There are 2 protein chains.
Amino acid sequence: MAETQVTENYLKVVWNAREWSDGPVTVGVLATRLGLAPSSVSGAVRKLTERGLLTHAKYGDIELTDDGQRLALATVRKHRLIETFLVEYLGYTWDEVHDEAEVLEHAVSDTFADRLAAKLGEPDHDPHGDPIPRADGTVHLVEQAALDTIEPGRHVRVARVSDEDPDLLRHLAELGITIGTALEVHRRQDAIGTIDVDYNGACHILGLTAARSIRVSPN
Amino acid sequence: MAETQVTENYLKVVWNAREWSDGPVTVGVLATRLGLAPSSVSGAVRKLTERGLLTHAKYGDIELTDDGQRLALATVRKHRLIETFLVEYLGYTWDEVHDEAEVLEHAVSDTFADRLAAKLGEPDHDPHGDPIPRADGTVHLVEQAALDTIEPGRHVRVARVSDEDPDLLRHLAELGITIGTALEVHRRQDAIGTIDVDYNGACHILGLTAARSIRVSPN
DNA sequence: TCTAAGAGTTCGGTCCACCGAAAACAAGTA
DNA sequence: TACTTGTTTTCGGTGGACCGAACTCTTAGA
């Protein structure tokens with residue numbers, strides 16, 4: 001069986017793509033996320049399909065099989081546990097953890113992950129609010145809306161922020177936005193592409209890019 | 001620069017080979033330690049030589065250049081810090097850590113290693129007594145003798161045990177031998193290949209294999 | 001000094017992961 | 001229906017890391 005790092009990574013990216021966007025997961029989507037040429041991804045997907053880890057309608061959607069999902073979740077679990085560990089134990093900031101975790105997730109054993117989880121108190125989400133899959137493959141998904149879809153006047157709480165752009169995370173930290181921050185959507189200026197939000201007693205302006213990366217839950 | 005895992009591993013193994021045995025480090029020695037065919041090692045050594053990380057007298061000895069040594073020590077440092085962490089923080093036993101560290105050493109960043117070292121209190125040796133190289137590339141080498149070279153009647157203290165054979169480590173743990181154990185060499189039975197040692201108030205018999213893997217310092 | 005065993009190297013070949021270029025396809029538009 | 005655009009696939013090719021088989025070198029012993 002001995003799954004390679006590349007295999008784990010493809011499966012994880014398929015899972016992430018499904019988690020953060022709707023619409024079909026295509027070769028193009030994966031190529032963008034992986035930073036690879038479409039031809040490379042096409043070939044790899046064919047092999048993973050042959051190995052029973054993916055299903056792939058030619059020229060169409062790519063999905064995880066049960067086996068593929070199991071492996072993907074194991075990797076996601078490791079990634080998020082490691083991110084949590086880096087922040088909690090080693091004092092990393094939330095914008096520093098992604099790259100480190102991206103490599104480590106393929107290097108730690110299942111045993112390591114389980115012992116780390118126990119040591120961290122079986123956390124159910126990581127520093128960005130992403131849910132951490134359990135060892136048995138279950139994930140606790142809370143329904144959340146992207147901030148750019150919230151009606152003005154609503155009071156919400158930051159539940160989750162995409163961990164993929166360190167610059168965004170650094171910026172949000174400077175703005176005082178973190179997991180749990182309570183905010184009110186003040187005004188949407190769709191023409192300009194900004195959203196005004198109130199929190200900590202003041203009004204701040206966010207761009208759509210940021211708003212789309214922030215998921216909130218009702219306060 | 002971006003050094004690959006394979007590169008790091010070759011350099012580390014050259015360093016380890018020099019540390020644990022005298023005599024020249026040859027292609028054959030590396031092939032055995034790495035579990036690879038001699039032809040593979042020969043080719044790899046040629047490439048590493050071209051990259052200025054090794055020197056290699058044809059058909060002869062293999063040595064690290066200054067650059068190679070720097071890289072090797074960085075990897076050894078990571079390996080030993082990780083082993084320490086696994087025992088101290090995650091509760092691994094000393095026979096469980098090697099395989100996990102063998103993979104992780106190539107996955108963690110220098111930053112990770114430095115922060116981990118700080119968190120662990122800048123330890124100067126790992127659970128097997130192996131010295132942990134500092135970030136600046138210095139290593140604190142204490143003079144130690146292999147247990148099989150000690151004269152009967154001498155009182156010594158276990159300073160270090162090879163981490164490469166988990167079975168040996170498990171066995172020693174069962175026998176109550178660990179780093180710091182004070183013992184007296186009672187009798188050497190060279191013809192049989194055993195050494196009788198006294199410790200914890202009783203006499204125990206060790207084979208030469210074990211004795212050679214144990215390094216001691218004067219008590 | 002010669003030679004044979006053992007150690008090291010060279011050579012051809014495999015597999016994996018990747019690429020660019022060109023062909024094949026899907027889907028919307030004329 | 002035919003075309004055009006953008007996506008996907010196929011194809012040939014590269015480089016890294018490995019292997020076994022055949023060849024070459026070193027060296028110890030006759």
Side-chain angles (χ1 to χ4, degrees), chain A residues 1-14 16-18 21-64 68 71-72 75 102-103 105-107, chain B residues 1-14 17-18 21-64 67-68 71-72 75 102-103 105-107:
Chain A
M1 255 294 156
E3 303 306 341
T4 165
Q5 303 184 194
V6 174
T7 298
E8 286 179 359
N9 218 38
Y10 272 94
L11 299 177
K12 184 199 68 176
V13 168
V14 171
N16 282 341
R18 242 171 234 303
S21 72
D22 19 49
V25 175
T26 62
V27 166
V29 169
L30 296 185
T32 305
R33 286 188 171 250
L34 288 162
L36 299 176
S39 59
S40 307
V41 175
S42 183
V45 167
R46 185 170 42 70
K47 281 189 188 165
L48 293 172
T49 302
E50 283 162 6
R51 289 177 53 193
L53 299 170
L54 294 176
T55 60
H56 184 204
K58 260 198 175 174
Y59 294 93
D61 195 26
I62 297 162
E63 278 177 303
L64 292 162
L71 265 164
T75 306
E102 203 69 12
V103 182
E105 65 190 5
H106 306 298
Chain B
M1 256 293 154
E3 303 306 338
T4 165
Q5 302 184 194
V6 174
T7 299
E8 287 178 359
N9 218 37
Y10 272 94
L11 299 176
K12 185 199 68 175
V13 169
V14 171
R18 241 169 236 304
S21 72
D22 21 49
V25 175
T26 62
V27 165
V29 169
L30 296 186
T32 304
R33 285 188 171 250
L34 289 161
L36 299 176
S39 58
S40 307
V41 175
S42 185
V45 167
R46 185 169 42 69
K47 283 189 187 166
L48 293 173
T49 301
E50 283 162 8
R51 290 178 52 193
L53 298 170
L54 293 176
T55 59
H56 184 205
K58 259 198 175 174
Y59 296 95
D61 196 25
I62 297 163
E63 277 177 302
L64 292 162
D67 279 358
L71 265 164
T75 306
E102 202 70 11
V103 182
E105 65 189 4
H106 306 297

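Keep in mind that this is a model prediction, so the values were computed, not measured. In what follows, chains carry the letters A, B, and so on, assigned in the order in which the sequence lines appear, proteins first and then strands, with residues in each chain numbered from 1.
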Pairs flagged by salt bridge (charged side-chain N to carboxylate O under 4.0 Å, His left out) wherever residues 33-46 of chain B is involved - sequence neighbours left out: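 Applying salt bridge (charged side-chain N to carboxylate O under 4.0 Å, His left out) to every pair that reaches into residues 33-46 of chain B, excluding sequence neighbours, yields B/Arg33-B/Glu164, B/Arg46-B/Glu50.
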B/Thr7: side chain to side chain donor-acceptor pair (under 3.5 Å) partners, not counting sequence neighbours: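 Checked B/Thr7 against side chain to side chain donor-acceptor pair (under 3.5 Å); matches are B/Arg51.
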Residues which pass side chain to side chain donor-acceptor pair (under 3.5 Å) with A/His106, listed by chain and number, not counting sequence neighbours: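 Testing A/His106 for side chain to side chain donor-acceptor pair (under 3.5 Å), a comparison that skips the adjacent residues, returns A/Glu8, A/Asn9.
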Point-to-point distance, once rounded to the nearest 0.5 Å, from [atom1] of [X] to [atom2] of [Y]:
{"X": "B/Glu63", "Y": "B/Thr49", "atom1": "CD", "atom2": "OG1", "result": "11.0 Å"}
{"X": "A/Lys12", "Y": "A/Glu105", "atom1": "NZ", "atom2": "CD", "result": "3.5 Å"}
{"X": "A/Asn16", "Y": "A/Thr75", "atom1": "CG", "atom2": "OG1", "result": "10.0 Å"}

Contact residues, residues 23-32 of chain B to DNA chain C [heavy atom, < 4.0 Å]: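 B/Thr26, B/Val27, B/Gly28 - these, ordered by number, are the residues of the stretch whose heavy atoms sit under 4.0 Å from the strand.
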Helical bend (five base pairs per end, nearest 10°) for the helix from C/dT1-D/dA30 to C/dA30-D/dT1: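 What I find for the helix from C/dT1-D/dA30 to C/dA30-D/dT1 is an axis angle of 20°.
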Distance-only donor-acceptor pairs under 3.5 Å for side chains of residues 53-62 of chain B, two or more places apart:
| residue | atom | partner | partner atom | Å |
| --- | --- | --- | --- | --- |
| B/Asp61 | OD1 | B/Arg18 | NH2 | 3.2 |
| B/Asp61 | OD1 | B/Val25 | N | 2.8 |
| B/Asp61 | OD2 | B/Arg18 | NH2 | 3.3 |

Range on DNA chain C touched by chain B - first to last nucleotide, heavy-atom distance under 4.0 Å: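 Endpoints of the contacted stretch of DNA chain C: C/dG8 to C/dT10.
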Can you give me the closest heavy-atom contact between [X] and [Y], atom names plus distance?
{"X": "A/Ala72", "Y": "A/Leu64", "result": "CB-CD1, 4.1 Å"}
{"X": "A/Ala37", "Y": "A/Ala31", "result": "C-CB, 4.3 Å"}
{"X": "A/Tyr10", "Y": "A/Val41", "result": "OH-CA, 3.9 Å"}

Base-contact (B) and sugar-phosphate-only (S) positions in nucleotides 11-26 of chain D, heavy-atom cut-off under 4.0 Å, - elsewhere: ------SSBBB--BSS
Distance in angstrom units between A/Arg46 CZ and D/dT10 C1', rounded: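 These atoms are roughly 9 Å apart.
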Set of side chain to side chain contact (heavy atoms under 4.5 Å, CB included) partners for B/Val103, sequence neighbours left out: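 For B/Val103 the side chain to side chain contact (heavy atoms under 4.5 Å, CB included) partners, ignoring immediate neighbours, are A/Ala107.
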N or O in side chain of A/His56 less than 4.0 angstrom from D/dT8 OP1/OP2: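 For A/His56, the contact criterion (side-chain N or O under 4.0 Å from OP1 or OP2 of D/dT8) is not met.
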Whether A/Thr32 side chain and A/Gly28 backbone form a donor-acceptor pair below 3.5 Å: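 Yes; judged by distance alone, with no hydrogens or angles, the pair exists.
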A/Thr26 vs A/Val29 side-chain heavy atoms within contact, under 4.5 Å: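 Yes - at least one pair of side-chain heavy atoms lies under 4.5 Å apart.
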